[in-house]
Amino acid sequence: MILVLSLLAAVAATAAVPGVRMLTRAAWPEREPNTALWVWQCLVATVLLCCLAALLLSAAAVFDTVRVHLFAPAPEPVAAAYDLTAAPPWTAVVVLLLTGGAAWTVAMLARELYEGRRRRLARRAQLRRRAPELPAGLGAERAERGPLLVLEDEYPDAWLLAGTPPQLVVTTGALRRLTGRQLDSVLAHELGHARARHDWLLHLSAALSFGFPAVPLFAHFHEQTHRLVELAADDTASRRCGHRDAALALIELNAHRGVLSCASPGRLLAHRVRRLLDPPPRLEAVPRSATTVLASLAPLVPLLITFGPGLAALR
């Protein structure tokens with residue numbers, strides 16, 4: 001069992017330190033934000049699976065009840081292969097730390113989901129009070145594209161209110177300033193968020209980052225997720241309506257905030273506009289597929305380490 005725990009710790013440390021360093025320094029995520037999002041999710045899943053496997057094995061070594069239930073369906077040689085009865089005394093400390101971490105993770109996820117739902121319901125109620133009825137013809141014209149809520153506001157703005165179903169909110173200021181194609185690009189951008197369930201990914205990254213602020217993996221995951229989901233949605237909009245219209249829509253919706261100026265701290269928005277106007281070339285299909293496959297295999301490593309002794313005992 002000591003060997004299995006050591007290997008799990010090594011895999012988790014490799015994914016959390018060198019893996020994160022290589023991913024944050026790489027240039028290709030700029031060209032393939034969807035692939036980069038998948039790689040980040042696989043890295044986080046690998047670390048979490050390592051922790052979960054270590055918790056189960058350590059608890060089985062410390063508590064007879066856990067061991068009986070965990071290995072009840074398995075033949076006797078499988079349980080003997082892990083040598084759980086010879087666990088050192090410090091295994092109890094590992095169980096305590098991992099149990100506390102697991103409980104804290106679940107609590108942070110529940111808190112994030114609860115707060116997100118509360119904010120969403122409050123915002124929906126506020127919007128219903130403020131929104132005027134749709135102008136004649138606009139509701140019928142856009143009905144097939146999903147729920148649309150027009151909000152009386154002089155400032156141009158548009159955003160997606162997550163939920164079931166998702167609702168696109170557009171201000172009258174945006175309707176006056178955007179052309180039809182630019183409005184379509186905004187709709188494509190926001191629906192790209194909804195179809196990819198970016199809100200769930202943002203909730204997960206926020207919960208892990210808030211719960212474990214000292215863990216660089218979770219901090220980078222949170223930061224990069226916010227950045228990459230916007231780039232991915234920009235790509236969706238540009239493929240549908242063209243890079244120029246997507247960039248112009250982004251400028252029109254944010255110029256009044258001053259976030260496109262050189263002195264503005266909102267560097268991501270200016271970077272998104274430059275990226276739309278001068279799009280980087282996509283990766284070739286082979287390296288893109290290879291990256292996706294390799295990232296998908298990473299979470300299998302802790303599973304192979306965990307089940308390896310038991311499978312070897314059955315041979």
Side-chain angles (χ1 to χ4, degrees), residues 7-54 101 105 108-109 112 189 192-193 195-236 238-239 265-276 278-305:
L7 290 175
L8 289 173
V11 171
T14 302
V17 182
V20 170
R21 186 178 295 122
M22 291 174 58
L23 193 53
T24 53
R25 294 179 179 179
W28 66 264
E30 184 76 14
R31 303 161 63 182
E32 293 292 341
N34 282 310
T35 304
L37 281 171
W38 178 247
V39 174
W40 275 108
Q41 293 175 72
C42 290
L43 279 179
V44 172
T46 301
V47 173
L48 294 180
L49 282 174
C50 286
C51 295
L52 179 61
T105 301
M108 290 299 100
L109 287 172
E112 179 65 26
H189 176 100
H193 283 311
R195 288 169 181 153
R197 301 312 307 236
H198 286 161
D199 55 327
W200 288 99
L201 194 55
L202 291 171
H203 283 317
L204 173 62
S205 65
L208 292 174
S209 175
F210 183 82
F212 303 93
V215 179
L217 168 64
F218 297 148
H220 285 297
F221 179 47
H222 182 53
E223 175 188 349
Q224 292 298 317
T225 297
H226 273 271
R227 174 175 171 272
L228 291 171
V229 296
E230 294 300 334
L231 299 186
D234 286 344
D235 288 348
T236 300
S238 63
R239 283 193 294 267
R267 291 179 295 176
L268 175 59
L269 193 59
H271 172 70
R272 289 169 57 195
V273 172
R274 288 193 298 268
R275 183 176 178 274
L276 285 169
D278 186 18
R282 297 194 64 185
L283 290 178
E284 297 293 335
V286 172
R288 183 170 66 248
S289 300
T291 302
T292 303
V293 171
L294 288 175
S296 303
L297 293 176
L300 298 180
V301 175
L303 298 179
L304 291 175
I305 293 173

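Since the structure is predicted, the reported quantities are computational estimates derived from the model, not experimental observations.
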To the closest 0.5 Å, what do you measure between [atom1] ([X]) and [atom2] ([Y])?
X      : Y      : atom1 : atom2 : result
Leu231 : Leu268 : CG    : CG    : 6.5 Å
Leu204 : Leu48  : CG    : CG    : 7.5 Å
Thr225 : His220 : OG1   : NE2   : 12.0 Å
Asp235 : His189 : CG    : NE2   : 10.5 Å

Could you list the residues that satisfy salt bridge (Lys or Arg N to Asp or Glu O under 4.0 Å) with [X], not counting sequence neighbours?
X      : answer
Glu230 : Arg272
Arg282 : Glu32
Glu30  : Arg227, Arg275
Arg239 : none

Self-check item: Residue pair Val229 / His193, side-chain heavy-atom distance below 4.5 Å
Solution: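 A side-chain contact exists here, since the closest heavy-atom pair is under 4.5 Å.
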
Quiz prompt | Heavy-atom side-chain contact between Phe221 and Leu43 under 4.5 Å | solution =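 No, every pair of side-chain atoms sits at 4.5 Å or beyond.
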
Got a sec, which residues hit side chain to side chain contact (heavy atoms under 4.5 Å, CB included) with [X], two or more places apart in sequence or on another chain?
X      : result
Leu300 : Leu297, Leu303
Phe212 : Trp104, Thr105, Val215, Phe218
Ala26  : Trp28, Pro29

Exercise. If a pair satisfies side-chain hydrogen bond (donor to acceptor under 3.5 Å, both in side chains) and one of its residues is in residues 200-210, list it, with sequence neighbours excluded.
Key: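 Every pair satisfying side-chain hydrogen bond (donor to acceptor under 3.5 Å, both in side chains) with a residue in residues 200-210: Glu112-His203, Ser205-His222.
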
Quiz item: Tell me the side-chain hydrogen bond (donor to acceptor under 3.5 Å, both in side chains) pairs involving residues 41-54, sequence neighbours left out?
Solution: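 Every pair satisfying side-chain hydrogen bond (donor to acceptor under 3.5 Å, both in side chains) with a residue in residues 41-54: there are none.
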
Quiz item: Between Arg288 and Leu283, is there a donor-acceptor pair closer than 3.5 Å when you use the side chain of the first and the backbone of the second?
Solution: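 Yes.
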
Quiz item: Judged by atom type as modelled, is there a donor-acceptor pair below 3.5 Å linking the side chain of Thr24 to the main-chain atoms of Arg21?
Solution: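 Yes: the side chain of Thr24 pairs with the backbone of Arg21.
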
Output side-chain donor-acceptor pairs under 3.5 Å for residues 9-20, partner residues at least two apart or in another chain, one line each.
from	atom 1	to	atom 2	distance (Å)
Thr14	OG1	Ala10	O	2.7

Quiz item: Which atom names give the shortest non-hydrogen contact between Leu8 and Cys50, and what distance separates them?
Solution: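 Scanning both residues, the minimum pair turns out to be O-SG, 3.5 Å.
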
Practice problem: Mind listing the closest non-hydrogen atom pair of Pro281 and Arg31 along with its distance? | Solution: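 Here Pro281 and Arg31 meet closest at O-NE, 2.6 Å.
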
Exercise. Could you tell me which residues satisfy side-chain hydrogen bond (donor to acceptor under 3.5 Å, both in side chains) with Ser296, sequence neighbours excluded, listed by chain and number?
Key: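 With neighbours one apart ignored, the set is Trp38.
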
Exercise. Name all pairs fulfilling the salt bridge (Lys or Arg N to Asp or Glu O under 4.0 Å) condition that reach into residues 44-54, sequence neighbours left out, sorted by first residue then second.
Key: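 Residue pairs passing salt bridge (Lys or Arg N to Asp or Glu O under 4.0 Å), neighbours aside: none found.
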
